[in-house]
Amino acid sequence: MKEAYNPQEIERKWQYVWSEKRVYEVTEDHNEEKYYVLEMFPYPSGRIHMGHVRNYTIGDVIARYKRTLGFNVLHPIGWDAFGLPAENAAIERGVHPAKWTYENIAQMKAQLKRLGFSYDWNREITTSDPNYYKWEQMAFTRMFDCGLAYKRSSVVNWCPSCETVLANEQVVVSGAVLPEPQSGSGGNKQFASDGNKEAARCWRCQSEVELRELEGWFFKITDYAEQLLDGCERLKDGWPERVLTMQKNWIGKSTGAEIDFPLEETIEGVRSLRIFTTRPDTVFGVTFMCITPENPISERIVKGKPQEKEAVQFIQRIKRQSNIERVGEGVKKEGVFTGAYCVNPFSEERIPIYIANFVLISYGTGVIMCVPAHDQRDFEFAKEYGLPIKVVIQPEGDDVNPDDMKCAYEDVGIMVNSGEYSGTPSEIGKQKIIEYVETKGFGRRQINYRLRDWGISRQRYWGAPIPIIYCDRCGTLAVPDNYLPVELPMDIEFTGKGGSPLAKIEKFVNTKCHKCGGDARRETDTMDTFVESSWYFLRYTSPDFENGMLDGARGKYWLPVDQYIGGIEHAILHLLYARFYTKVLRDLGMCNLDEPFLNLLTQGMVIKDGAKMSKSLGNIVDPDDIIAKYGADTVRIFMLFASPVERDLDWSDEGIEGSYRFLNRVWRFAYDFGIRNSEFGIRESFNPQSAIRNPQSKGLLIKVHKMIKKVTEDLERFQFNTGVAAIMELLNAVSRFQSNGNDEKAVLREAIETIVRLLYPFAPHIAEELWEALGYKETLVDKPWIEWDREIVGSAAVIVVLQVNGKVRSQVFMDPDTTEEEMKQAAFSDERVKSYISGKEIKKVIVVPKRLVNIVV
RNA sequence: GCCGAAGUGGCGGAAUUUGGUAGACGCGCUGGAUUCAGGAUCCAGUGGGUGAAAGCUCGUGGGGGUUCAAAUCCCCCCUUCGGCACCA
């Protein structure tokens with residue numbers, strides 16, 4: 001054993017040993033209980049960053065710990081290899097996306113290996129590999145067959161200069177991200193707008209982004225809205241509550257009714273307007289209706305009316321506006337009267353119809369009934385245009401009067417001015433109104449979701465091709481299994497102009513129809529990369545399987561993922577898509593799984609100087625530099641110790657020094673002990689019975705077992721920061737300990753061995769090295785977890801606090817099984833306590849065994 | 001605006017699961033040892049006030065309450081962070 005701790009040397013050594021012994025390569029073993037721990041796989045951007053290091057260190061601690069508990073641990077890693085940065089590199093630097101990606105993977109893989117993570121590299125997955133996306137294409141064709149994948153047009157962001165579609169993340173408004181233009185994959189990221197008309201711009205060329213209607217492919221995630229919502233209930237025990245809340249909000253279920261309002265005069269065959277409302281109980285309070293400009297009925301309804309010209313201008317103006325301009329904070333409600341009326345089917349009142357900017361295009365029917373007395377938005381609109389306000393819900397014990405209302409009354413209450421329903425509580429009224437419209441046939445109960453279908457089309461090259469061909473004679477056809485995969489052609493030039501790169505490759509586009517043999521064209525859109533990440537965790541269970549997405553038998557053994565770990569930023573999209581896709585695959589008979597991730601741990605960000613590490617801020621700390629300076633174990637210890645896993649972690653150069661110091665101290669104590677005992681040659685037979693009776697050695701022995709208990713419990717609860725602190729505490733106890741006799745020497749050795757074993761999941765290289773130096777042949781990788789001795793822990797003397805009137809006045813050591821009466825006696829005979837109670841009347845004495853005595857005077 | 005989480009030394013954080021010594025552990029700082037010197041290492045100290053010291057006293061965002069006892073439980077308020085925000 002060397003005197004100096006040399007992390008570079010020992011880390012290289014143990015990484016080699018583990019890899020030679022193939023210790024992390026696992027197979028199904030039905031005699032052993034499995035444990036599947038997974039970290040979100042990285043995008044191969046080129047370098048591992050501190051966020052990855054934190055994520056993967058947490059996963060590695062869990063994987064190693066579970067393994068020592070005897071679980072058959074599956075701990076895989078791979079690459080989310082498709083995506084835009086590769087294509088941008090091609091456009092900017094002329095590197096082929098494949099070359100760029102695979103070189104990055106090679107680099108990052110080396111980095112991960114230097115960190116000593118316990119991955120089964122045999123299961124490594126790269127999503128850009130045709131052997132991977134082949135199965136995704138096959139699943140697509142099955143989804144196409146049953147209507148879960150379909151094509152339609154939708155409004156997208158279009159950059160006229162780059163001639164390409166932009167994802168929402170690529171559209172910027174004063175540094176913020178644009179919300180979804182209207183429908184599709186979601187991504188309604190919120191941004192702050194100051195109400196000024198700021199243009200949405202392309203992130204690369206700063207051109208003003210246009211809204212364009214474009215054909216694209218969608219997954220029918222809305223069909224699974226209810227199931228995804230149900231699943232949230234079942235995941236309650238294993239997922240953070242806030243993630244589930246975010247998903248529930250995203251799905252946004254609301255229950256209500258659709259009701260037809262007959263038009264006063266039929267317009268081009270249209271007799272009524274259908275609305276969706278969650279408040280059918282307020283239907284008697286409708287004083288106007290509003291239509292979204294996008295609804296085709298808007299233009300038809302004004303035809304020939306005196307208001308036509310003004311209305312058409314309004315429609316065209318609003319239609320050109322992006323979402324920001326329409327719904328940004330502080331944007332005024334605007335509308336225009338159509339000149340048309342409909343009739344309230346309940347009150348038979350004549351209701352004017354408006355076209356308004358605040359009616360959403362893609363929610364409900366695009367037409368709303370407006371009840372200004374009981375809806376704030378309608379209230380504001382009514383005030384603006386001088387429309388009547390009719391109160392139909394009265395709060396109990398109060399009186400709402402339309403003339404002095406400052407805002408709408410949106411709560412429940414008693415229905416008034418509502419014909420035969422007057423006097424009915426609103427909750428009951430809702431049901432009665434729905435029943436009525438259903439029996440009369442002019443409406444029905446209806447559930448609406450905010451969730452939109454998932455737009456998966458990307459007019460991009462570096463993604464999985466959508467396996468569809470268009471034949472003039474046979475129509476739109478899925479590519480049959482024996483023609484899969486539809487491989488990405490490799491010989492291609494990147495200009496960044498002229499739309500989809502694939503569309504320009506004639507060899508790719510032009511094909512023959514497998515059905516009729518005639519000329520056909522291939523679909524040139526590729527799939528959203530969220531599709532790959534929606535099933536990679538399934539593929540890990542059988543990455544070499546050649547007959548389908550995953551091998552049923554192997555999948556059944558390993559799945560579901562027991563512990564998933566990743567950043568909170570994926571709380572909605574990735575996690576929701578993966579849940580959805582898993583359910584689809586289940587329904588297609590490809591796997592037998594309802595929920596993919598049993599438990600979810602969301603780790604916080606790595607922060608430096610109060611901000612997330614990022615290139616633009618220039619506050620990046622490169623993990624490689626730190627590893628080169630201190631070694632992987634130090635980085636790992638710091639990542640775990642500096643902060644609880646769920647919270648953000650503040651990077652600190654001094655902090656990492658502290659972690660390095662700690663490992664150096666561990667090394668030195670082991671070394672010193674080894675020297676004093678001639679390289680650990682003296683192997684006293686350790687006798688805990690004798691050691692515990694020996695007052696010289698008892699204290700440290702108790703500390704050893706208390707700390708084993710503490711660290712074990714902290715590992716179970718993922719409280720790694722306090723777990724590491726407990727090992728440090730034990731080391732401090734060792735450093736204070738004087739060893740002379742045999743019992744003391746034996747206990748000291750026991751303490752040092754314990755530190756090494758407890759350290760193993762956190763800092764595995766140094767632990768293995770010291771364990772070997774201590775004279776053991778077996779590696780810690782396969783050694784069962786150390787257990788604490790209940791009796792030793794239980795025999796520890798307890799400090800009993802003596803209080804007078806709730807204030808601590810003294811403290812004494814006591815045997816843990818001291819009786820309450822004895823504790824009381826001890827308290828009353830304590831000198832310091834005596835001075836506080838002498839001459840005073842004792843009112844009450846509280847005794848808490850093992851803790852305290854409180855005397856109230 | 002609505003929903004949720006959190007506020008503890010100079011800093012990161014512990015104790016909140018179970019009401020029972022607040023500040024574990026680390027960083028930083030102060031003093032000392034070692035050294036030609038620096039670094040590294042080791043030892044001691046380190047919430048505020050007061051005191052020579054023993055000690056006393058205040059102290060977990062603010063205010064109130066429950067209790068023998070509150071960082072922990074309850075109510076009101078403030079601040080910060082996160083999510084949602086014309087979803088009818």
Side-chain angles (χ1 to χ4, degrees), chain A residues 179 188-190 240-243 245-250 252-254 256 275-280 282 290 323 326-329 331 333 356-371 374-378 380-381 407 410 448-452 568 571-572 604 607 637-638 641-644 646-659 661-662 664-665 668 710 713 717 719 721-732 735-736 799-811 832 843-857:
Chain A
N188 282 335
K189 294 242 172 73
Q190 210 26 62
E241 196 190 309
R242 60 183 186 137
V243 174
T245 308
M246 280 189 235
Q247 295 213 346
K248 279 187 226 162
N249 286 342
W250 190 259
K253 179 180 182 175
S254 50
I275 59 95
F276 172 75
T277 178
T278 55
R279 293 296 301 269
T282 64
C290 283
N323 268 32
R326 284 198 222 181
V327 307
E329 208 172 316
V331 174
K333 290 186 178 40
N357 66 342
F358 71 97
V359 183
L360 294 178
I361 318 141
S362 49
Y363 184 80
T365 60
V367 185
I368 56 170
M369 68 175 210
C370 296
V371 186
H374 305 293
D375 183 289
Q376 186 58 28
R377 297 157 299 185
D378 302 346
E380 286 166 27
F381 192 87
C407 62
E410 295 184 322
N448 270 354
Y449 300 93
R450 283 183 46 190
L451 185 70
R452 307 287 140 78
I568 187 77
I572 300 174
I607 303 282
I637 289 288
F638 177 71
F641 176 67
S643 178
E646 300 243 15
R647 250 190 273 177
D648 286 350
L649 182 151
D650 244 314
W651 178 267
S652 131
D653 294 333
E654 292 79 23
I656 195 113
E657 291 275 353
S659 300
R661 239 186 325 258
F662 164 60
N664 268 293
R665 284 185 78 204
R668 212 162 38 245
K710 168 81 177 144
E713 286 167 354
R717 288 181 298 182
Q719 292 187 11
N721 57 330
T722 52
V724 173
I727 303 174
M728 290 174 169
E729 211 180 317
L730 183 54
L731 184 66
N732 290 343
S735 79
R736 282 190 296 266
I799 300 165
V800 172
V801 174
L802 305 180
Q803 296 180 331
V804 178
N805 284 349
K807 290 195 176 179
V808 180
R809 294 305 178 187
S810 182
Q811 40 185 283
R832 294 183 38 78
K843 282 192 175 159
K844 201 173 178 181
V845 180
I846 293 116
V847 181
V848 183
K850 294 189 207 182
R851 287 212 187 266
L852 62 68
V853 180
N854 186 15
I855 300 167
V856 185
V857 295

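A note on names: the letters A, B, ... follow the listed sequences, proteins ahead of strands, and every chain is numbered from 1.
- In this structure, B:A37 makes no Watson-Crick or G-U wobble pair, since no nucleotide meets both defining distances under 3.5 angstrom.
- Taking CZ from A:Arg661 and CD from A:Glu654, the interatomic distance works out to 9.5 Å, rounded to the nearest 0.5 Å.
- The aromatic rings of A:Phe358 and A:Phe381 sit tilted, their planes meeting at an angle between 30° and 60°.
- Side chain of A:Gln247 to backbone of A:Ala571: a donor-acceptor contact under 3.5 angstrom is found.
- Proximity of a side-chain donor or acceptor of A:Asn448 to a complementary backbone N or O of A:Ser254 within less than 3.5 Å is not detected.
- Toward the 5′ end of RNA chain B lies the nearest nucleotide of A:Ala642, the other residue of the pair A:Ala642 and A:Arg668 mapping further downstream.
- Taking 90° from 0 as the syn/anti boundary, the base of B:G9 is oriented syn.
- With both ends at atom P, the span from B:A15 to B:G23 equals 13 Å, rounded to whole Å.
- Look at B:C81: its Watson-Crick or wobble partner, with both distances under 3.5 angstrom, is B:G4.
- Across B:G45 and B:U60, the matching C1' atoms stand 23 Å from one another, rounded to whole Å.
- A donor-acceptor contact under 3.5 Å is formed by the side chain of A:Lys333 with the base of B:C86.
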**Request:** Report, as a single string ordered 5' to 3', how protein heavy atoms within less than 4.0 Å touch nucleotides 14-35 of chain B: B base, S sugar-phosphate only, - not at all.
**Result:** SS-B--BB--BBSSS-------

